[in-house]
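Remember, predicted model here, so these are calculated numbers, not experimental data.
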Amino acid sequence: MKLGLIQASSQKEKNKTLEHYLNEAINSNDELINFGIYPDSNIQLSYVQVSLAIALLINSRSLDFVVTGCTSGQGMMPDCNPFPNIQCGYLPPARCFSV
């Protein structure tokens, strides 16, 4: 499986952490491509720009799955879901669950 990681600029400080844990979670025959946004980047990517990139990557079959994020975790959903073949959902942080 080919996976992508891409986030809006508001989440650039979390990029390396997400990449680390995704690499731990995927199978050895899977490939993770980190599109950023990186902490040292001056580029500003909005939710709309990221959602368009995700739709292009998925619909061109360049990727099978994309992990993304935004400040609240809910901003990407309304931007991604209007595109064909894209289903974006919300996964809350583990600290939101009680045991």
Check whether any side-chain heavy atom of [X] sits under 4.5 Å from a side-chain heavy atom of [Y], and report yes or no.
X: Tyr47; Y: Ser10; result: yes
X: Asn15; Y: Ile37; result: no
X: Lys14; Y: Gln7; result: yes
X: Leu22; Y: Leu5; result: yes

Open item on the list: Atom CG of residue position Asn42 - does it have more than 12 heavy atoms of other residues, nucleotides or ligands inside 6.0 Å?
Closed with: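 No.
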
Task: Minimum heavy-atom distance between Gln44 and Gln49, given as atom pair plus value - done: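 Closest approach of Gln44 to Gln49, heavy atoms only: O-OE1, 3.4 Å.
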
Task: Contact summary for Lys2 and Ile33, nearest pair of heavy atoms - done: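 Scanning both residues completely, I find the closest heavy atoms to be CE-CD1, 4.0 Å.
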
Atom [atom1] of [X] and atom [atom2] of [Y]: how far apart are they, to the nearest 0.5 Å?
X: Ser51; Y: Asn81; atom1: OG; atom2: CG; result: 10.0 Å
X: Asp30; Y: Asn23; atom1: CG; atom2: CG; result: 10.0 Å
X: Asn34; Y: Leu18; atom1: CG; atom2: CG; result: 9.0 Å
X: Ile86; Y: Asn59; atom1: CD1; atom2: CG; result: 5.0 Å
X: Ile58; Y: Gln87; atom1: CD1; atom2: CD; result: 11.0 Å
X: Phe35; Y: Ile54; atom1: CZ; atom2: CD1; result: 10.0 Å

- [ ] Check whether any side-chain N or O of Asp64 sits under 3.5 Å from a backbone N or O of Leu3 as a donor-acceptor pair, and report yes or no.
- [x]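 No, Asp64 side chain to Leu3 backbone: no donor-acceptor pair under 3.5 Å.
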
Open item on the list: Please check: side-chain N/O of Lys12 versus main-chain N/O of Asp40, any donor-acceptor pairing under 3.5 Å?
Closed with: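 No; zero donor-acceptor contacts below 3.5 Å.
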
